[in-house]
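Both backbone and side-chain heavy atoms feed into the values below; hydrogens, waters and symmetry mates do not.
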Amino acid sequence: MEPEPEDRRCSHCGEYTYIYEHRDRRLYLLTGAIHLVSKIAHCKDKGCPGHQEVIESAAEMSLAPPFWTIGWDVFAWMGHRRFARNWSVPQIRAELTDSYGITVSPDLVEDYVKRYQAIVAARESAPEFLADAYRNVKDLVLTIDGLQPEKGHETLYVVRELRLKRVWFATPLLSSSASEVKRVFEQADAWAKRLGKPVRLWISDKQKAFVTGIAEVFAGVPHRYCTNHFLRDLAKPVLERDSHAKVQMRRKVRGLRQVEQRILDERRKSASPSASSGEGVPPMPSASAPAAPTVAPMAQSAAHAEAQDIVLEYAAGIRGILNDDQGGPLDPPGLRMAEALGEVRASLQRCMEPKKGDPAIAS
C-alpha cells in the first residue's frame, strides 16, 4: 500500500510539490499485516516556507499514527480487552496470536495499553466533554486521597467528584507538605470554575495538609471526615481486641491435623495388600464366648467409612473458619469466627446425642 498526499499543492505559493521521501513500515491490522510505503512531499522552492513543511497522506493517519506498528483497530481491540474485560497481557498476546496471527512482545502490549489509557483519560478530562457531562449537575462534591504504591515511592493524590463518581485527575507528589498539597486543591478549584459549578462539600481523611489546603483554597466550603477512615479509626481498639481473641481461639482449637492424619493412616492400612490377604483378622469366637451383636461386617465397614468422611468434613470446615480473616470494622473477623465455631460445636453436640429408636443404641 502506497498512500500519497491528497493535495499536492503548496499552501504558501500554490506550486505543485514533489515526493522527496518514501517511508515504509510493516503494519499489523486485524485483517492482516500490510507493507505500508508512505510518500512524503514538500515544496521544491527552497525559498518558500512550504519547503520546510511535511505533506503526508491523511489516509495513513486513518490506519495508524506515525511510527506505530499496529493499526487503530488492533489498538482499540487491546484497550477494550484490557479495561472492559480485564484481560491480562498474556491473554491479549495469546488471543492476538491464535485468532489474528499477530505475534507481539509483552512490552509492546503494555506500551500500547498505557497509550490507550492516556487517550481515554484525556478524553474524559476534555473541557467540552466535562461540560456536557455536568450540564445537569447543580453542585460538586469532591474527595481527595493519597495512594502510595510502594514504600519510598512518590504518593499519588487522586481527586474524585462524587456526584457523577468520576476521577478528575491524579497528581504524584514527592512531598506531602501543605504547600505541595495546596497545588492539588488549586487545580481542583480551576476545574470547578471551568465547569461553572459550586463546590458543596469536600471529603477526606482530614490529614493536616488537607485541612489547611481546603481552608485556604475553598474558604467556607464544609470539609467532612471520610466515613471509611472514620470507622476504621474508631474501630481500631475493637479490631485489636478482636485480633487477640482470634489468637486465643486458634490456641484452643488444636489437633485437627492429628485427627485427619489418624484417619488417613487407618485408610491406607486397610487398603494395603496385607489387610486384604487376611492378616490381622480377629480370631473366631469360641463356643463358650458370649455372642456378639449380629452386625454384618460389610455394613459395619460402610458405617465406619461414613463416620470417617463426616469427621474429615468437619475438620476441613473448622480449618476454613480458623483461616478466615475477612471482615472489617462493622463485621469483625474474630466475632464471625466465634459464631461459626459455636455453630460447629452445636452441630457436633447434636450428632453425639442418642437418638430414639436407634438399634445400635438400643442394643
Side-chain angles (χ1 to χ4, degrees), residues 1-133 166-170 172 194:
M1 186 175 181
E2 298 184 3
E4 63 178 48
E6 289 76 13
D7 186 5
R8 295 287 299 275
R9 294 289 178 180
C10 177
S11 60
H12 297 276
C13 64
E15 294 294 330
Y16 194 75
T17 59
Y18 75 100
I19 306 297
Y20 74 97
E21 183 181 349
H22 291 75
R23 185 175 60 202
D24 62 320
R25 55 175 168 158
R26 187 176 179 83
L27 192 63
Y28 292 100
L29 307 176
L30 292 180
T31 55
I34 62 173
H35 184 204
L36 190 65
V37 180
S38 304
K39 297 180 180 180
I40 303 174
H42 68 178
C43 182
K44 59 183 177 180
D45 184 3
K46 294 182 179 181
C48 178
H51 185 75
Q52 305 297 329
E53 295 180 357
V54 174
I55 304 176
E56 300 179 85
S57 171
E60 180 183 3
M61 190 63 184
S62 66
L63 293 174
F67 309 110
W68 280 27
T69 57
I70 63 172
W72 284 114
D73 53 352
V74 180
F75 178 73
W77 185 93
M78 284 183 181
H80 179 266
R81 297 310 188 275
R82 180 67 186 93
F83 297 106
R85 299 187 180 179
N86 297 317
W87 283 20
S88 65
V89 171
Q91 283 180 299
I92 293 174
R93 290 184 63 222
E95 184 65 20
L96 283 174
T97 303
D98 296 341
S99 300
Y100 302 100
I102 301 175
T103 304
V104 293
S105 66
D107 293 341
L108 183 140
V109 176
E110 293 176 0
D111 180 56
Y112 283 110
V113 164
K114 290 179 181 178
R115 297 185 187 186
Y116 182 91
Q117 192 173 15
I119 291 176
V120 172
R123 177 181 180 274
E124 291 291 314
S125 60
E128 61 277 5
F129 189 82
L130 279 176
D132 184 66
R166 295 173 65 97
V167 175
W168 270 15
F169 60 88
R194 187 170 60 192

Pairwise distance [atom1]([X]) to [atom2]([Y]) - rounded to 0.5 angstrom:
{"X": "Thr103", "Y": "Arg93", "atom1": "OG1", "atom2": "CZ", "result": "8.0 Å"}
{"X": "His42", "Y": "Glu21", "atom1": "NE2", "atom2": "CD", "result": "9.5 Å"}
{"X": "Arg81", "Y": "Gln91", "atom1": "CZ", "atom2": "CD", "result": "11.0 Å"}
{"X": "Glu128", "Y": "Arg123", "atom1": "CD", "atom2": "CZ", "result": "10.0 Å"}
{"X": "Ile92", "Y": "Arg85", "atom1": "CD1", "atom2": "CZ", "result": "11.0 Å"}
{"X": "Lys39", "Y": "Asp24", "atom1": "NZ", "atom2": "CG", "result": "13.0 Å"}

Closest approach of [X] and [Y], non-hydrogen atoms and distance?
{"X": "Trp72", "Y": "Pro65", "result": "CZ2-CG, 3.2 Å"}
{"X": "Arg26", "Y": "Ala33", "result": "NH2-CB, 3.5 Å"}
{"X": "Leu29", "Y": "Ile102", "result": "O-CD1, 3.6 Å"}
{"X": "His51", "Y": "Cys43", "result": "ND1-O, 2.7 Å"}
{"X": "Cys48", "Y": "Cys13", "result": "SG-SG, 3.8 Å"}

Look at the rings of Tyr116 and Phe83 and say which category their plane angle falls in: under 30° parallel, 30 to 60° tilted, over 60° perpendicular.
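Aromatic pair Tyr116/Phe83 classed parallel.
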Evaluate side-chain contact (heavy atoms from CB on, under 4.5 Å) for Arg25 paired with Trp68, printing each intermediate quantity in order.
CA-CA 9 Å; Arg25 55 175 168 158; Trp68 280 27; 4.1 Å; yes
Apply the side chain to side chain contact (heavy atoms under 4.5 Å, CB included) test between Leu27 and each candidate in Ile70, Leu63, Val74, Thr69; give the one that qualifies.
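When side chain to side chain contact (heavy atoms under 4.5 Å, CB included) is applied between Leu27 and each of Ile70, Leu63, Val74, Thr69, only Leu63 qualifies.
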For Met78 and Leu108, what are the C-alpha separation, side-chain angles and deciding distance, and is it a side-chain contact (heavy atoms from CB on, under 4.5 Å)?
CA-CA 11 Å; Met78 284 183 181; Leu108 183 140; 4.2 Å; yes
Do Ile119 and Phe75 come close enough that some side-chain heavy atom pair is under 4.5 Å?
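The answer is yes; the side chains approach within 4.5 Å.
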Can you check side-chain contact (heavy atoms from CB on, under 4.5 Å) on Arg23 and Phe67, steps first, answer last?
CA-CA 10 Å; Arg23 185 175 60 202; Phe67 309 110; 4.2 Å; yes
Can you list the steps and then say if Arg166 with Leu130 is a side-chain contact (heavy atoms from CB on, under 4.5 Å)?
CA-CA 10 Å; Arg166 295 173 65 97; Leu130 279 176; 3.7 Å; yes
Is it true that a side-chain atom of Arg82 and a backbone atom of Val89 form a donor plus acceptor pair closer than 3.5 Å?
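The answer is no, because no donor-acceptor pair under 3.5 Å joins these two groups.
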